[in-house]
Amino acid sequence: MTTNTFDSKASYEVIRRLEEAGHEAVFVGGAVRDHLLRKTAKDIDIATSAEPDEVKAIFDNTIDVGIAHGTVLIIIENEAIEVTTYRTEGTYTDHRRPDNVHFVKTLRDDLLRRDFTINALAMTKNGKIIDLFNGETDLKERLIRAVGNPTERFHEDALRMLRAVRFSSVLDFDIEAGTLLAIHQNAHQIKHVSIERIKIELDKLFTGVNPMKAMNTLFSSRLGKELSLYTDKVKELKRALPFVIATEGWAFFVTIAEINPSKLANHFKLSNEEKNFITAVHKLYTKRLESDYTIEDYYSYDLQVLKCAEKFFHAVNVDAGTLTDLEIEERKKALPIQTKQDLEVSGKDLMEWTDLPGGPWTGEWIKKIEQAVLHGQCKNTLTDIKDWFMNDFKCEK
Ligand code: ATP
Ligand code: MG
């Protein structure tokens with residue numbers, strides 16, 4: 001009995017049934033690459049000679065996720081398996097996306113349109129590797145090399161230049177000399193690519209194994225300048241790494257690299273959550289340059305924001321005293337309350353104690369109580385807060 005390479009039993013079932021119906025089907029792309037690198041593949045892609053209609057005729061439960069590009073999602077044994085018909089990409093008139101997609105009959109034609117030799121590997125269900133472009137050698141030598149002529153491939157789709165840089169970070173591979181030269185010569189073409197596709201690659205680049213390697217290529221090749229993502233603060237960047245989450249990468253560019261936060265957020269179409277994070281880090285970092293964190297800071301900023309701003313502060317002020325992540329965690333945890341909801345009293349208590357009807361005054365006093373508790377002027381217990389409140393309330397009246 002042969003053991004399966006991938007955990008996904010359903011993917012083997014899909015290939016078996018496609019073959020049974022007289023078609024070819026193989027694993028392709030990232031999953032095969034990651035398997036050969038002994039890494040767990042994130043998603044498994046299958047390529048087949050069957051056209052989408054033929055695929056749909058074989059399986060009961062399918063979803064048209066990208067039928068125009070030949071991709072059908074098969075729901076089988078509680079798994080979702082993506083199957084894409086062998087295809088080439090038609091003419092590229094604008095360096096961004098093929099104008100049309102042509103289905104082809106041979107795996108070779110399908111592999112020829114793929115970006116890098118390490119991504120153009122295929123594997124049969126029995127584990128036999130199909131390697132038409134010496135992808136295995138490049139894997140061993142840890143090289144990212146375009147399939148075919150790099151300049152032509154980057155003219156077809158300029159995003160591939162950024163993908164090369166992204167893979168150099170994620171895999172900690174070098175970019176092969178000819179491919180790298182073509183990136184240097186064609187960097188300006190990245191402006192033809194949609195910002196959404198660019199952002200996906202940059203997010204992966206930021207959290208890769210060796211983002212410094214990738215960023216050095218980004219800056220030296222002009223890709224960074226073309227993307228409006230440039231800094232000469234390379235030493236500081238090195239000290240700011242690793243980025244725990246991709247959004248820290250964006251936060252680096254608005255703090256240490258001094259790019260305007262709203263400009264960057266709009267340009268790269270960051271989500272609201274991402275925008276909030278980079279804005280918060282920017283605000284806190286700017287404060288941190290002047291003084292230590294205050295109780296207010298520990299209270300109002302998320303842990304991740306506090307840690308990130310401190311890390312960036314330290315990256316530019318190596319000699320300044322700094323807090324470890326653990327110290328920041330402890331200081332935040334030591335606050336008497338974490339949020340307003342933690343207060344032992346509510347507006348209703350205030351109305352009861354004073355015999356007054358509710359109104360804007362309750363909210364205002366809850367805010368004062370929150371401050372008093374936070375700064376240790378009274379304990380967060382019903383009786384302490386009541387004493388403090390009745391005293392101050394009377395004084396103000
Ligand atoms: P990851 O592990 O990050 O998903 P991946 O190699 O699977 O890496 P994907 O973006 O998921 O990358 O693409 C799947 C496959 O499709 C690639 O391995 C490659 O063969 C092919 N591919 C993706 N984008 C391009 C492109 N712009 N040009 C040519 N081939 C591409
Ligand atoms: Mg993938």
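FYI, side chains are in, hydrogens and waters are out, and symmetry mates aren't considered; it's all heavy atoms of this structure. When a ligand or atom number is given, it counts from 1 through the structure's own listing order.
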Nearest protein heavy atom with distance in Å, relative to atom 27 (N) of ligand 1: Asp157 OD2, 3.0 Å
Only heavy atoms of Arg113, strictly under 4.0 Å: list the atoms of ligand 1 that pass. 29 (C), 30 (N)
Which side chain to side chain donor-acceptor pair (under 3.5 Å) pairs, counting each pair once, include a residue from residues 313-323, with sequence neighbours left out? Glu310-Thr322
Would you mind checking which non-hydrogen protein atom is closest to atom 28 (N) of ligand 1, with the distance to 0.1 Å? Arg160 NE, 2.7 Å
When distances are taken from atom 15 (C) of ligand 1, the protein heavy atom at minimum range is Arg114 NH1, 3.7 Å
Do Asn260 and Ser262 get their side chains close enough for a donor-acceptor pair, meaning under 3.5 Å? yes
For Tyr12, is the NZ or CZ atom of Lys125 found under 6.0 angstrom from the centre of its six-membered ring and inside 45 degrees of the ring axis? no
Structural part of Arg166 in contact with ligand 1, heavy atom criterion under 4.0 angstrom: side chain
Among all protein heavy atoms in this structure, tell me which lies nearest to atom 7 (O) of ligand 1, with the distance rounded to 0.1 Å. Gly30 CA, 3.6 Å
Qualifying residue, where the test is side-chain hydrogen bond (donor to acceptor under 3.5 Å, both in side chains) with Glu20 and the options are Arg16, His23, Arg17: Arg16
Side-chain donor-acceptor contact under 3.5 Å, Glu296 with His375: yes
Atom 6 (O) of ligand 1: closest protein heavy atom, distance to 0.1 Å, is Arg33 NH1, 2.7 Å
Suppose we measure from atom 4 (O) of ligand 1 to each protein heavy atom; which comes out shortest, and what is that distance? Lys204 NZ, 4.0 Å
Measure the distance from atom 17 (C) of ligand 1 to every protein heavy atom, then report the residue, atom name and distance (to 0.1 Å) of the closest one. Arg163 NH2, 3.7 Å
Counting C-beta onward and ignoring hydrogens, is there a side-chain heavy-atom pair between Leu202 and Phe253 closer than 4.5 Å? no
Just wondering, do Asp349 and Phe389 contact through their side chains at under 4.5 Å, heavy atoms? no
Atom 13 (O) of ligand 1 protein-contacted, heavy-atom criterion under 4.0 angstrom: yes
Does Ile15 belong to the same Ile/Leu/Val/Met/Phe/Trp/Tyr cluster as Leu73, with side-chain heavy atoms less than 4.5 Å apart forming each link? no
Nearest-option assignment for atom 18 (O) of ligand 1, heavy atoms, candidates Val28, Leu112, Asn119: Asn119
Lys42 versus ligand 1: do any nitrogen or oxygen atoms come within less than 3.5 Å of each other? yes
The closest protein heavy-atom partner of atom 19 (C) of ligand 1 is Asp115 OD1, 3.5 Å
Is it the case that the side chains of Asn276 and Thr279 hold a donor-acceptor pair, with the cut-off being a distance below 3.5 Å and no angle test? no
Kindly assign one of parallel, tilted or perpendicular to the pair Trp365 and Trp388, based on the angle between their ring planes and the thresholds 30° and 60°. perpendicular
In Asp43, which N, O or S atom comes closest to the Mg ion (ligand 2)? OD1
Those atoms of ligand 1 less than 4.0 Å from some heavy atom in Gly29: 18 (O)
Contact check, Phe167 vs ligand 1, heavy-atom distance below 4.0 Å: yes
Looking only at distance, does Asp45 have an N or O less than 3.5 Å from an N or O of ligand 1? no
Report the hydrophobic cluster partners of Leu132, with the cluster defined as I, L, V, M, F, W, Y residues connected by side-chain heavy atoms closer than 4.5 angstrom, directly or transitively. Val26, Val28, Tyr86, Val104, Leu107, Leu111, Leu112, Ile130, Phe133, Val147
